[in-house]
2 protein chains.
Amino acid sequence: MSLRSHEDVMKAVADPTRVRILKILEEGEMCVCQIIAVIALGQSTISKHLFLLRAAGLIKDRRDKKWIHYSLDGKSVNLYAGPVLRNLRKWLNDDPLVLKDRERAAMAREIGPIAICERGMSLPGRKTARCRPVYDRDAPAAR
Amino acid sequence: MSLRSHEDVMKAVADPTRVRILKILEEGEMCVCQIIAVIALGQSTISKHLFLLRAAGLIKDRRDKKWIHYSLDGKSVNLYAGPVLRNLRKWLNDDPLVLKDRERAAMAREIGPIAICERGMSLPGRKTARCRPVYDRDAPAAR
DNA sequence: CCACCATATCGTCAATTAACGAATTGACAT
DNA sequence: ATGTCAATTCGTTAATTGACGATATGGTGG
């Protein structure tokens with residue numbers, strides 16, 4: 001446990017997309033297809049993010065039938081993972097994007113993996129506009 | 001205080017060089033030329049790192065005569081800075097590179113800014129070999 | 001034991017980042 | 001006022017990163 005593993009964890013939580021994933025996992029485990037639907041980025045992109053989060057010891061996975069469910073790793077081998085997850089739980093709970101993700105995550109949980117995969121890993125969303133919440137670092141501060 | 005400022009702080013501590021700087025500042029404030037001598041990277045490189053750490057609210061600066069002294073920012077405006085600094089204080093205290101930096105920092109403090117600047121911002125070091133402690137992410141685990 | 005399909009991996013591209021040396025800045029001290 | 005010099009900013013380069021679409025993998029369920 002030294003600079004190396006510290007770097008892994010900090011780099012993992014330095015990316016807003018990965019933080020968004022961690023924040024929706026706070027509510028409970030989720031399968032990959034659901035995470036893809038909520039975050040609305042390419043499947044390979046999400047897969048890579050999950051790989052990095054797991055490599056950092058922040059999340060763990062479990063297979064159930066055709067689906068792989070990810071969840072926060074409560075007892076990580078990485079010394080730094082626990083405290084970081086505990087801080088995160090207290091933080092960002094009023095961030096607009098995190099809130100929106102939570103809503104979408106709730107929807108994804110209701111719908112369930114089967115229906116989400118059938119729909120091509122997307123959420124219902126509004127009929128007209130493409131509804132994909134994105135993180136824009138340079139967006140004006142929340143209203 | 002949301003994803004944006006969280007990102008700033010986490011990105012700041014995701015870089016091992018910046019962590020090394022924070023760890024030597026734990027022992028007390030230091031002027032730029034001393035930090036350069038301890039970390040042994042280019043002057044402009046260190047200056048950039050200090051800029052990012054300050055932008056993240058992790059450190060603050062103070063001018064004394066010709067020298068600018070940096071120190072950990074105990075009461076940062078960035079909500080995330082305090083907890084992160086507090087964690088860091090507990091962490092990495094047995095990392096080989098951090099330990100070596102501490103020795104060099106002690107030396108730099110003894111010598112003082114004046115002498116260090118005269119020496120071209122370097123520490124005495126062993127007579128023969130170029131003695132520059134570097135972080136190698138892929139180095140075999142510490143002996 | 002085979003086909004399917006959820007997930008992982010690969011290859012590519014654009015954007016970001018960390019390093020360097022050179023040029024600039026600006027406070028101090030004459 | 002002005003030269004000095006510690007520190008910052010600039011410009012370049014190589015390495016890393018995040019995104020994508022296409023392809024590969026391997027567990028499930030027939």
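Proteins come first, then strands; the chains are lettered A, B, ... in the order of their sequence lines, and each starts at number 1. Since the structure is predicted, the reported quantities are computational estimates derived from the model, not experimental observations.
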Student: So if I take every side-chain heavy atom of B:Lys65 and compare against D:dC10, C:dA8, C:dA29, which nucleotide ends up nearest?
Tutor: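 In terms of side-chain proximity for B:Lys65, the closest of D:dC10, C:dA8, C:dA29 is C:dA29.
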Student: What is the distance from NZ of B:Lys66 to P of D:dT8, rounded to the nearest Å?
Tutor: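 Taking atom P of D:dT8 as the reference, NZ of B:Lys66 is at 15 Å.
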Student: What is the separation between atom CE on A:Met10 and atom P on C:dT17, rounded to the nearest whole Å?
Tutor: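 From A:Met10 CE to C:dT17 P: 18 Å.
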Student: Between D:dT16 atom P and A:Asp8 atom CG, what is the distance in whole Å?
Tutor: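 Taking CG of A:Asp8 and P of D:dT16, I get 14 Å after rounding.
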Student: Calculate the interatomic distance between B:Tyr70 atom OH and D:dT8 atom C1'; express it in whole Å.
Tutor: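 Whole-Å distance recorded here is 9 Å.
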Student: Where the side chain of B:Val32 is defined as all heavy atoms beyond and including C-beta, which of D:dA7, C:dC28, D:dA22 is the nearest nucleotide?
Tutor: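 So the nucleotide nearest the side chain must be D:dA7.
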Student: Kindly point out which of D:dG18, C:dA18, D:dA7 is positioned nearest to the side chain of B:Leu52?
Tutor: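 Looking only at side-chain atoms, B:Leu52 lies closest to C:dA18.
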Student: Do other residues, nucleotides or ligands put more than 12 heavy atoms under 6.0 Å from the NZ atom of A:Lys60?
Tutor: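 Correct, the count exceeds 12.
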Student: Atom CZ of B:Arg119 to atom C1' of D:dC5: distance rounded to whole Å?
Tutor: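 Going from CZ in B:Arg119 over to C1' in D:dC5 covers 18 Å.
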Student: Tell me whether B:Tyr135 is reachable from B:Leu53 by hopping between hydrophobic residues (I, L, V, M, F, W, Y) whose side-chain heavy atoms are closer than 4.5 Å.
Tutor: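 Linked, B:Leu53 and B:Tyr135 end up in one cluster.
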Student: Take B:Ile36 and A:Lys11, find for each the nucleotide of DNA chain D with the closest heavy atom, and name the residue whose nucleotide sits nearer the 5' end.
Tutor: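 Nearer the 5' end of the strand: B:Ile36.
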Student: Where the side chain of B:Met121 is concerned, which of D:dT9, D:dA7, C:dA6 is the nearest nucleotide?
Tutor: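 My answer, after comparing the listed nucleotides, is D:dA7.
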Student: Do we see a donor-acceptor contact under 3.5 Å between the side chains of B:Thr17 and B:Arg20?
Tutor: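 No pair is found: no donor N or O on one side chain lies under 3.5 Å from an acceptor on the other.
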Student: Looking at D:dG18, I'd like to know if its phosphate oxygens (OP1 or OP2) sit under 4.0 Å from a side-chain N or O belonging to A:Arg18.
Tutor: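 So the side chain of A:Arg18 is within the cut-off, an N or O lying under 4.0 Å from OP1 or OP2 of D:dG18.
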Student: Identify the two heavy atoms, one from A:Arg104 and one from A:Ala40, that lie closest to each other, and give their separation to 0.1 Å.
Tutor: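 Distance-wise, the nearest heavy atoms are NH2-CB, 4.1 Å.
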Student: Can you tell me whether the side chain of A:Thr45 and the base of D:dG18 have a donor-acceptor pair closer than 3.5 Å?
Tutor: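 Counting by modelled atom types and ignoring angles, no donor-acceptor contact under 3.5 Å is found here.
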Student: Side chain of A:Leu41 only, please: which of C:dC20, D:dA6, D:dA19 is the nearest?
Tutor: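 Minimum distance to the A:Leu41 side chain belongs to D:dA19.
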Student: Determine whether any donor atom in the side chain of A:Gln43 lies under 3.5 Å from an acceptor atom in the base of C:dA8, or the reverse, and answer yes or no.
Tutor: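 When only heavy-atom distances are counted, A:Gln43 does reach the base of C:dA8 through a donor-acceptor pair under 3.5 Å.
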Student: In whole Å, what is the span from the NZ atom of A:Lys48 to the P atom of D:dT23?
Tutor: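 Rounded to whole Å, this separation is 20 Å.
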